[in-house]
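To start, the structure under review is shown below, and the notes come after it.
Order of listing sets the numbers, starting from 1, for every ligand and every atom in it. Hydrogens, waters and symmetry mates play no part in the numbers below; they use all other heavy atoms, side chains included. Computed from a prediction, not measured in an experiment: that's the story for all the values here.
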Amino acid sequence: MSKYIVEDSRKVTTRRLIEMKKKGEKIAMLTAYDFTMASLVDAGGVDVILVGDSASNVMAGNMTTLPITLDQMIYHAKSVVRGVKRALVVVDMPFGTYQVNADEAVKNAIRIMKETHADALKLEGGEEILPSVRKILDAGIPIMGHLGLTPQSINKFGTYSVRAKDEMEAEKLRHDAKLLEEAGCFSIVLEKIPATLGEKVSSELGIPVIGIGAGGKVDGQVLVSADMLGMTADFTPRFLRRYADLQSVITDAIGNYVGDVKSMDFPNEKEQY
Ligand code: KIV
């Protein structure tokens with residue numbers, strides 16, 4: 001097991017995340033979309049790995065998360081699950097797979113769980129998707145909610161700016177968070193909202209609130225791995241802390257390889273049969 005895991009090396013469960021909140025132990029969550037990255041992220045000791053629909057941006061180069069399909073999310077999630085020993089694996093239900101009606105939502109949710117062997121699903125939205133949330137939970141599938149900036153609704157809002165700055169939007173977010181908890185969600189992601197609101201929601205709920213740009217007084221943090229590893233140099237939101245500069249590391253390594261091939265330094269005597 002990884003040298004970075006300080007405490008419990010057992011597989012993380014939804015129940016354990018709720019216990020962590022009770023004990024005041026912060027939850028660390030990151031994204032992964034493939035086997036190799038998932039193995040590394042898991043070995044680093046994160047508690048939750050999110051197979052985010054941000055794969056649409058990071059892996060496929062789309063401008064938004066909307067184009068990624070159910071089949072593509074299933075492919076990513078299967079690859080991630082194969083690489084993970086400890087972390088809880090949560091899969092984003094992609095845009096269009098849970099908004100039409102609850103029957104379609106539960107059918108798609110069951111398909112993800114059956115084909116990927118992931119541990120839980122994440123859905124964006126509050127009251128408006130509650131029938132789908134209830135039906136999926138009734139099928140025995142754990143759900144993580146997602147409120148605040150919900151990238152699947154980008155065309156409705158037209159901007160990725162900070163959400164719930166005004167009183168009315170903040171009240172709706174608190175109400176939605178309560179509804180999701182009452183429905184049975186095990187956790188909620190809050191994206192890009194004022195830190196004071198993040199703290200308030202966290203104190204009002206018994207389930208863990210995991211923030212991305214929601215301040216330090218929530219119960220855990222999530223970032224997109226490619227962003228925190230410095231692979232996406234053009235993406236510079238205030239909430240992002242970079243822990244590496246992999247863009248330079250990778251392009252330097254590739255530049256060196258190209259130089260060695262061109263100069264016939266690679267392969268040398270020892271690197272051939
Ligand atoms: O898809 C994703 O990566 C996410 C995180 C930003 C929370 O939903």
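For the atom pair OG of Ser161 and CG of Leu149, the computed distance is 8.0 Å after rounding to the nearest 0.5 Å.
Note on Leu121 and Val81: same hydrophobic cluster, where clusters join Ile, Leu, Val, Met, Phe, Trp and Tyr whose side-chain heavy atoms are under 4.5 Å apart, directly or indirectly. There is a path of hydrophobic side-chain contacts, each under 4.5 Å, that joins Val12 to Met113. Under a hydrophobic clustering in which Ile, Leu, Val, Met, Phe, Trp and Tyr are joined whenever their side-chain heavy atoms come within less than 4.5 Å, directly or via other members, Leu40 and Leu223 fall into different clusters.
The closest approach between Glu124 and ligand 1 stays at or above 4.0 Å for every heavy atom of the residue. Note on ligand 1: Met29 sits outside its first shell, no heavy atom being nearer than 4.0 Å.
Note on Arg86 versus Asp47: salt bridge recorded, some NZ/NE/NH1/NH2 to OD/OE distance being below 4.0 Å.
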- side-chain hydrogen bond (donor to acceptor under 3.5 Å, both in side chains) between Ser79 and Asp34, intermediate numbers included: CA-CA 5 Å; Ser79 312; Asp34 65 83; over 6 Å; no
- Between Glu171 and Arg174, is a salt bridge (charged side-chain N to carboxylate O under 4.0 Å, His left out) present by the stated rule, with each step listed? CA-CA 5 Å; Glu171 279 311 308; Arg174 288 171 64 198; 2.8 Å; yes
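Note: no N/O pair closer than 3.5 Å links Glu191 and ligand 1 by distance alone. For ligand 1, one of its N or O atoms has an N or O atom of Asp53 under 3.5 Å away. Close N/O approach between Asp92 and ligand 1 is found [any backbone or side-chain N/O within under 3.5 Å].
Under a 4.0 Å criterion applied to the non-hydrogen atoms of His146, ligand 1 contributes the atoms 8 (O). Close approach to Thr31 involves these atoms of ligand 1, each under 4.0 Å from a residue heavy atom: 3 (O). Near Val224, with a cut-off below 4.0 Å to any heavy atom, the atoms of ligand 1 are 3 (O).
Nearest to atom 3 (O) of ligand 1 among the protein's heavy atoms is Ser54 OG, 2.5 Å. Closest protein heavy atom to atom 4 (C) of ligand 1: Leu50 CD2, 3.5 Å. Among protein heavy atoms, the minimum distance from atom 6 (C) of ligand 1 is reached at Ile212 CD1, 3.7 Å. Looking at atom 8 (O) of ligand 1, its nearest protein heavy atom turns out to be Lys122 NZ, 2.8 Å.
In this structure, Gln152 and Gln99 have side chains that are in contact, with non-hydrogen atoms separated by less than 4.5 Å. Put simply, the side chain of Ile136 reaches to within 4.5 Å of the side chain of Leu123, judged on heavy atoms.
By the criterion of a heavy-atom distance under 4.0 Å, neither the backbone nor the side chain of Thr65 is placed next to ligand 1.
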